[in-house]
Engineer: 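So that we are looking at the same thing, I have put the structure below in structure tokens.
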Amino acid sequence: TYIAARMKNEGRVVASDKLREMDLEVIAPLPELGAVATNAVWEATYNRLADLIRTHQSTLIFCNSRRLTERVAVRLSERLGDDQVAAHHGSLSRRHRFQTEARLKAGEIKVVVATGSLELGIDVGSIDLVCQIESPRSIAVAVQRIGRSGHHLGQTPKGRFVALTQDDLVECGAIVRAIREGRLDAIEIPRNCLDVLAQQVVAAAACEEWAEEDLYRLCRQSFCYRDLSGG
């Protein structure tokens, strides 16, 4: 990934443009995809995922919704066994999620199907493969999720994007291309959001007494309010 940091003392930018190698591939479960995912596409998807899981020690599968997470976990359990598959998302109890994380780390299960709940910050041990069902809609999200695999020294993160529709195929292809070129999503910082500012002003005034000019000067120190008018 691209890393850039401004050196405060010297006022210059130090940048590293070395890209980490990633094993990426877009998978179409059937030779022809349509505008919507048919039952045939779903069946082919489950079978393809099961084959990938069998050839790896540990796999994370990311879905874009909790409903889809549960559905995929059930269908994979039918193919791999109930003792090899678990779901992980925010609607599950903390205890249940912790047990799932511990079982995956201990090698007791081969695959966890998750939402963004396993994107970062949770130690689930060594992951060999990450699969993303449908487009993640974001380059940064894709990098974060695929980056959960290949953490050992010398290993390469391995990701497979499963496209279910024609639109998915185009989006996933574009995301893979962007990752390989080291590009991330453009970030647009909103300016002068007065509704948010009003909440912050009320909160600040409730905590202590402010001179109007001091509070105005403080607000303008934020980048998004740097052009805020005093009127």
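This chain uses plain numbering: 1 for the first residue, then up along the sequence.
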Engineer: With no hydrogens and no angle check, is any side-chain donor or acceptor of Thr45 less than 3.5 Å from a backbone partner on Pro29?
Structural biologist: no
Engineer: I'd like to know if the side chain of Glu188 reaches the main chain of Pro190, judged simply by a donor and an acceptor atom lying under 3.5 Å from each other, with no hydrogens or angles considered.
Structural biologist: no
Engineer: Below 4.5 Å, heavy atoms only, C-beta onward: do Asn64 and Gln132 meet side chain to side chain?
Structural biologist: yes
Engineer: Is there a donor-acceptor pair closer than 3.5 Å between any side-chain N or O of Arg97 and the backbone N or O of Leu92?
Structural biologist: yes
Engineer: Ignoring hydrogens, what is the shortest heavy-atom contact between Ala87 and Thr100? Give both atom names and the distance.
Structural biologist: O-OG1, 3.9 Å
Engineer: Are Val124 and Val143 connected in the hydrophobic side-chain network, where two residues link if heavy atoms are under 4.5 Å apart?
Structural biologist: yes
Engineer: Evaluate the side-chain proximity of Arg79 to Leu49: yes if any heavy-atom separation is below 4.5 Å, no if none is.
Structural biologist: no
Engineer: With salt bridge (charged side-chain N to carboxylate O under 4.0 Å, His left out) as the test, pick out the partner of Arg160 among Asp128, Asp23, Asp51.
Structural biologist: Asp23
Engineer: Could you grab the distance from atom SG of Cys193 to atom CD of Gln199, nearest 0.5 Å is fine?
Structural biologist: 11.0 Å
Engineer: Might you point out which heavy atoms bring Cys63 and Val72 nearest each other, and give the distance in Å?
Structural biologist: SG-CG2, 4.1 Å
Engineer: Report the residue from Arg145, Arg148, Met22, Glu21 that forms a side-chain contact (heavy atoms from CB on, under 4.5 Å) with Pro157.
Structural biologist: Met22
Engineer: Please name the pair of heavy atoms, one in Trp210 and one in Ala204, separated by the smallest distance, quoted to 0.1 Å.
Structural biologist: NE1-O, 3.2 Å
Engineer: Quick test of your reading of the model: are Glu101 and Lys105 salt-bridged, counting only N-O distances below 4.0 Å?
Structural biologist: no
Engineer: If Ile, Leu, Val, Met, Phe, Trp and Tyr residues are connected whenever their side-chain heavy atoms lie under 4.5 Å apart, and connections chain through other members, are Val85 and Val74 in the same group?
Structural biologist: no
Engineer: Within a 6.0 Å radius of atom CD on Glu43, are there more than 12 heavy atoms belonging to other residues, nucleotides or ligands?
Structural biologist: yes
Engineer: The test is side chain to side chain contact (heavy atoms under 4.5 Å, CB included); show your working for Leu24 and Ile175 and say whether it passes.
Structural biologist: CA-CA 10 Å; Leu24 304 175; Ile175 286 175; over 6 Å; no
Engineer: For Arg220, does the CZ atom sit with more than 12 other heavy atoms under 6.0 Å from it, leaving out its own atoms?
Structural biologist: yes
Engineer: Decide yes or no for Leu52 and Ile27: does some side-chain heavy atom of the first lie under 4.5 Å from some side-chain heavy atom of the second?
Structural biologist: yes
Engineer: Got more than 12 heavy atoms from elsewhere within 6.0 Å of CZ, Arg177?
Structural biologist: no
Engineer: Can you name the nearest heavy-atom pair linking Cys131 to Thr59, along with the distance?
Structural biologist: SG-CG2, 4.4 Å
Engineer: Report the residue from Leu129, Leu104, Ile146, Val111 that forms a side-chain contact (heavy atoms from CB on, under 4.5 Å) with Leu60.
Structural biologist: Leu104
Engineer: If you measure from CD on Gln84 to CD on Glu108, what distance do you get to the nearest 0.5 Å?
Structural biologist: 10.0 Å
Engineer: Can you measure from NE2 (His96) to NE2 (His89) and round to the nearest 0.5 angstrom?
Structural biologist: 7.5 Å
Engineer: Side-chain heavy atoms under 4.5 angstrom apart, residues restricted to Ile, Leu, Val, Met, Phe, Trp, Tyr: same cluster for Val113 and Val141?
Structural biologist: no
Engineer: Could you tell me whether the side chain of Tyr225 and the main chain of Leu194 form a donor-acceptor pair under 3.5 Å?
Structural biologist: no
Engineer: Which heavy atom in Leu30 sits nearest to a heavy atom in Ala44, and how many Å separate them?
Structural biologist: CD2-CB, 3.8 Å
Engineer: Heavy-atom count around Arg54 CZ within 6.0 Å, excluding the residue itself: above 12?
Structural biologist: yes
Engineer: Could you tell me the separation between the CZ atom of Phe62 and the CD1 atom of Ile133, rounded to the nearest 0.5 Å?
Structural biologist: 11.5 Å
Engineer: Side-chain heavy atoms under 4.5 angstrom apart, residues restricted to Ile, Leu, Val, Met, Phe, Trp, Tyr: same cluster for Leu228 and Val196?
Structural biologist: yes
Engineer: Under 6.0 Å from the ring centre and within 45 degrees of the ring axis: does the NZ or CZ of Arg95 meet both conditions for the six-membered ring of Phe98?
Structural biologist: no
Engineer: Between Leu76 and Lys110, is any pair of side-chain heavy atoms under 4.5 Å apart?
Structural biologist: no
Engineer: Within the side chain of Lys158, is there an N or O that forms a donor-acceptor pair under 3.5 Å with the backbone of Gly150?
Structural biologist: no
Engineer: Checking Thr55 now: which residues fulfil side chain to side chain contact (heavy atoms under 4.5 Å, CB included) with it, not counting sequence neighbours?
Structural biologist: none
Engineer: Out of curiosity, Ser65 OG to Glu70 CD, how far, rounded to the nearest 0.5 Å?
Structural biologist: 10.0 Å
Engineer: Does Arg48 have any salt bridge (charged side-chain N to carboxylate O under 4.0 Å, His left out) partners at least two apart in sequence or in another chain, and if so, which?
Structural biologist: none
Engineer: Could you pull out the closest heavy-atom pair between Ser149 and Val130, with the gap in Å?
Structural biologist: CB-CG2, 3.8 Å
Engineer: Report yes or no: does Ser222 contribute a side-chain atom to a donor-acceptor pair with the main-chain N or O of Cys219 at less than 3.5 Å?
Structural biologist: no
Engineer: Could you walk me through whether Glu171 and Glu134 pass the side chain to side chain contact (heavy atoms under 4.5 Å, CB included) test, one step at a time?
Structural biologist: CA-CA 9 Å; Glu171 285 192 27; Glu134 300 178 310; over 6 Å; no
Engineer: State, with a plain yes or no, whether a side-chain heavy atom of Phe161 is found less than 4.5 Å away from one of Asp168.
Structural biologist: no
Engineer: Test Trp42 against Arg71 for side chain to side chain contact (heavy atoms under 4.5 Å, CB included), laying out the working first.
Structural biologist: CA-CA 11 Å; Trp42 278 113; Arg71 176 182 174 184; 3.4 Å; yes
Engineer: Can you check whether Thr165 reaches Leu33 side chain to side chain, under 4.5 Å on heavy atoms?
Structural biologist: no
